[in-house]
Amino acid sequence: MFFKELNFGQCKSYLIADLDAGKAALIDPLAGNAERYLSVLAYHQLKLEFVVDTHTHADHRSGCVLLKNLTGAKHSMHHISPQPHVDVRFKDGDELMLGNIPIKILHTPGHTPDSISLYVNKDRVFTGDVILIRGTGRADFAGGDAGEQYDSITQKLFTLPDETLMFPGHDYRGNTQSTVAEEKSSNPRITGKTRDEYIEVMDTLNLPLPERIQEVLQINQSEVDDDKLKFPLLAELSEVMQLDAQQIKDKIESDKTPLIIDVREGAEFHGELGHIKGSRLIPMGKLPAAADSLDAERDNEIILVCRSGARSTTAAAILTGLGFSQVKNLSGGMLAWNEKGYAIER
Ligand SMILES: [Fe+2]
């Protein structure tokens with residue numbers, strides 16, 4: 001197997017390839033380095049089969065959609081990722097081949113709900129930010145959960161063979177690789193700690209939440225990158241009222257049905273997850289322009305809907321900022337709605 005880290009920095013992007021088959025994949029590519037990746041692929045005469053984000057990134061702009069548009073590679077992420085342009089949606093345990101290289105997908109939530117690790121060639125694992133070399137990724141925003149992170153690390157990654165090489169999404173100390181055995185024995189965040197002790201450690205890190213990070217996260221979630229759309233601040237997002245699928249179904253069935261605005265792309269609205277009957281489709285990038293046409297609804301109840309509830313939280317905060325007074329969000333989005341088995345239309 002041909003293998004290379006391509007950024008030479010703290011933020012890691014990995015190329016894996018079967019040179020004989022001429023097939024390659026990129027893990028966590030950065031938008032700003034797309035030309036570098038295309039040069040390396042051309043030099044080795046490789047066809048880019050797929051591009052993977054191990055999770056929805058908050059610290060850099062993902063290059064997956066750009067590379068997909070330039071090469072036709074399939075954009076691949078976990079099933080619950082909010083990203084609208086994903087072609088292959090992985091579930092835990094999925095297995096695929098890149099030429100002769102076997103790849104197994106492990107759902108390893110904790111850093112984010114949609115975090116996956118890729119167990120490649122039966123000798124290495126790409127962990128994203130769930131576990132880092134002698135550390136772990138933060139679990140305090142973007143749906144992170146320290147308990148889930150502990151379970152992902154101890155019950156999934158640490159059950160791989162001890163000699164498995166480990167490649168994380170970041171490293172801030174100049175390390176390039178580790179092994180499962182080394183992290184089991186020497187990771188100061190995890191080694192010798194119970195689940196509760198780990199949660200306690202993560203709860204008391206008190207890391208700052210830079211607003212710029214939140215903005216990048218929202219762009220990666222929505223693939224809307226437009227100067228006209230001003231993304232809300234973290235404080236504005238956390239003020240959005242979240243309602244679960246049951247509460248929203250009850251409202252729809254009451255005599256005062258709220259306006260439901262679905263902010264996904266058209267293909268998603270009519271796709272696998274369908275949409276709620278009577279909902280109005282306004283893709284997120286078009287929301288500011290559509291606000292005028294919603295003028296009559298300024299003081300009425302409005303429910304925002306998307307795939308996972310992430311993009312629509314952003315949309316709800318935007319509408320609230322534009323003066324709409326009763327905007328609420330479907331928590332968990334159409335994934336949660338479908339999980340309940342509620343009616344949909346396509
Ligand atoms: Fe991350």
Side-chain angles (χ1 to χ4, degrees), residues 5-14 26-33 51-67 75-83 86 90 105-118 125-153 156-157 166-173 175-178 183 187 189-190 198 201-203 205-223 225 231 234 237 308-311 313-314:
E5 196 285 306
L6 294 177
N7 299 334
F8 315 115
Q10 296 181 337
C11 198
K12 310 288 186 187
S13 299
Y14 299 102
L26 282 165
I27 300 169
D28 289 332
L30 311 181
N33 280 355
V51 284
V52 186
D53 272 326
T54 54
H55 59 286
T56 307
H57 298 286
D59 61 321
H60 65 262
R61 191 76 177 88
S62 164
C64 281
V65 173
L66 175 60
L67 287 160
H75 181 9
S76 315
M77 285 186 84
H78 186 260
H79 179 64
I80 58 171
S81 157
Q83 225 283 348
V86 174
F90 292 133
I105 305 299
L106 308 172
H107 185 211
T108 47
H111 173 62
T112 66
D114 64 353
S115 290
I116 53 169
S117 297
L118 289 90
V125 64
F126 298 89
T127 60
D129 299 348
V130 178
I131 184 170
L132 309 175
I133 297 174
R134 307 295 191 267
T136 57
R138 62 195 296 169
D140 57 341
F141 71 109
D145 182 310
E148 282 186 355
Q149 189 176 26
Y150 183 89
D151 297 339
S152 292
I153 294 168
K156 290 211 173 136
L157 298 174
M166 215 196 76
F167 297 94
H170 290 282
D171 186 85
Y172 305 100
R173 304 184 195 105
N175 301 309
T176 53
Q177 67 178 62
S178 184
E183 295 308 315
N187 189 310
R189 287 256 175 98
I190 290 279
Y198 180 72
V201 167
M202 297 306 279
D203 280 352
L205 287 178
N206 291 323
L207 300 168
L209 287 174
E211 292 295 358
R212 172 67 193 155
I213 283 189
Q214 188 60 28
E215 185 184 328
V216 172
L217 176 69
Q218 292 179 79
I219 295 173
N220 281 334
Q221 281 170 351
S222 62
E223 272 308 315
D225 194 356
F231 283 101
L234 194 62
L237 292 175
S308 73
R311 269 179 282 165
T313 297
T314 293

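Computed from heavy atoms alone, side chains included, the values below leave out hydrogens, waters and symmetry copies. Whatever order the structure lists ligands and atoms in, that order sets their numbers, starting from 1. If you read the sequence from its start, that first residue is 1, and numbering goes on from there.
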Determine whether a donor-acceptor pair (N or O, by modelled atom type, separation under 3.5 Å) exists between the side chain of Gln83 and the backbone of Ser222.
no
Classify the ring geometry between His57 and His60 as parallel (under 30°), tilted (30 to 60°) or perpendicular (over 60°).
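Ring orientation of His57 relative to His60: tilted.
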Would you call the rings of Phe167 and Phe126 parallel, tilted or perpendicular, taking 30° and 60° as the class edges?
parallel
Looking at the Fe ion (ligand 1), is there an N, O or S atom belonging to His55 that lies under 2.8 Å away from it?
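True for His55.
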Within less than 2.8 Å of the Fe ion (ligand 1), any N, O or S from His111?
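Checking His111: at least one N, O or S atom is under 2.8 Å.
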Heteroatom of Asp129 nearest to the Fe ion (ligand 1) (N, O or S, atom name):
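For Asp129, the N, O or S atom at the smallest distance from the Fe ion (ligand 1) is OD2.
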Between the side chains of Thr56 and Asp114, does any donor sit under 3.5 Å from an acceptor?
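Yes - a donor-acceptor pair under 3.5 Å links their side chains.
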